[in-house]
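Read through the structure below, which is laid out as structure tokens, and then see the notes.
One-based numbering, in listed order, for ligands and for the atoms of each.
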Amino acid sequence: MGVVNVTPDSFSDGGRYLDPAAAIAHGRELLAAGADMLDVGGESTRPGAAAVGAAEEKQRVLPVIEALAGDGARVSVDTSKADVAAAALAAGAGIVNDVTALGDREMAAVCAGARCGLVLMHMKGTPRTMQDDPTYEDVVAEVREFLTGRLEVAAAAGVDPERVWVDPGIGFGKTVEHNLELIARIDRIADLGRPVVVGASRKNFLGAITGREVGERLGGSIAVALAAVAGGASVLRVHDVAATVDALRVADAITGRRTPLVGADR
Ligand code: HH2
């Protein structure tokens, strides 16, 4: 899953793809590099990010989704607003990536009605507060329990359980140690029986471990990608698609596994 941030303030590429033409061109590059799907977002969720209104968010993402879906790409919309999700689905998106896991009470109905894919992600707190000393008794058990509950809420609202993916929310209300524990025990999330999405690309904890700035975290991002797939993750949300695809191909060649890549199941 290649990241297309149509935002002025995303933590790693804010402002680079705010112009729709630049975002569309970037999406096409990621597809050419081997992305199986594109995640288009119009609101940054980095710690402390400013909230964006629905009208502004739609103005950012809709032309980009329309163009990329029009090319035949599989597109998810990274939004927590039901209104934005509905418009994005009408514009051609097929998946809603909701980092609040149905925090908007209308979201489940929108997804049930559209029969679209849905990503449910764990976050502790809100982007404004989530990194203020997050604590857990057992991070893996708590994230697992939260996702179990949200899967139930989605199913009760009529969302087809077969269309739902889960995500432990790397960096969303977690310390470095929490992130590492979740990646090391991703099998405990995979055993929920749903495809697991992992988004660790370029995130702060990689900088804390390596001492690298945000633009220099490709090695760390790939290490997480390989560990996550080995533990049972199915979808990697990444900025650097070409290098990640290469790493997966080599890892697959070693293990004899076949991670579905490039053009699978549009
Ligand atoms: N991470 C980010 C945004 N959306 N969605 C899912 N499902 N999982 C993630 O880990 C995830 C996500 C943050 O990354 P990015 O989009 O690059 O930055 P920003 O939120 O600043 O736009």
> Any salt bridge between Lys81 and Asp104, counting N to O under 4.0 Å?
Replying inline: no
> Are the charged groups of Asp240 and Arg202 less than 4.0 angstrom apart, N to O?
Replying inline: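 Looking at Arg202 together with Asp240, the answer is yes, because their closest N to O distance falls below 4.0 Å.
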>> Tell me every residue that passes side-chain contact (heavy atoms from CB on, under 4.5 Å) with Phe146, counting only those two or more places apart in sequence or in another chain.
In response: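 Phe146 satisfies side-chain contact (heavy atoms from CB on, under 4.5 Å) with Ala101, His122, Arg150 only.
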Can you sort out which atoms of ligand 1 are near [X], meaning under 4.0 Å from one of its heavy atoms?
X	answer
Asp78	3 (C), 4 (N), 12 (C)
Asn5	15 (P), 16 (O), 17 (O), 22 (O)
Asn97	5 (N), 6 (C), 7 (N)
Val99	4 (N), 5 (N), 12 (C)
Phe172	1 (N), 2 (C), 9 (C), 10 (O), 11 (C)
Gly199	10 (O)

> Is the CZ atom of Arg16 crowded by more than 12 outside heavy atoms at less than 6.0 Å?
Replying inline: no
>> Would His239 count as a contact residue for ligand 1, given that I'm defining contact as a non-hydrogen atom of the residue lying under 4.0 Å from a ligand atom?
In response: yes
>> On a heavy-atom basis, I'd like to know which of Met1, Arg237, Arg46 is closest to atom 14 (O) of ligand 1.
In response: Arg237
> Looking only at N/O atoms, are Phe11 and ligand 1 under 3.5 Å apart anywhere?
Replying inline: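 Yes, since at least one N or O of Phe11 sits under 3.5 Å from an N or O of ligand 1.
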>> Test your reading of the structure: does Ser10 have an N or O sitting under 3.5 Å from an N or O of ligand 1?
In response: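 Yes; at least one N/O pair falls below 3.5 Å.
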> Looking only at heavy atoms, what is the nearest atom pair of Ala114 and Leu89, with distance?
Replying inline: CB-CD1, 3.7 Å
> Which atom names give the shortest non-hydrogen contact between Arg188 and Arg144, and what distance separates them?
Replying inline: O-NE, 2.8 Å
> With a cut-off of under 6.0 Å to the ring centre and 45° to the axis, is Lys124 in cation-pi contact with Phe172?
Replying inline: no
> Just heavy atoms, cut-off under 4.0 Å: does Thr45 contact ligand 1 by side chain, backbone, both, or neither?
Replying inline: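 Both backbone and side chain.
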> Is any side-chain heavy atom of Glu43 less than 4.5 Å from a side-chain heavy atom of Thr79?
Replying inline: no
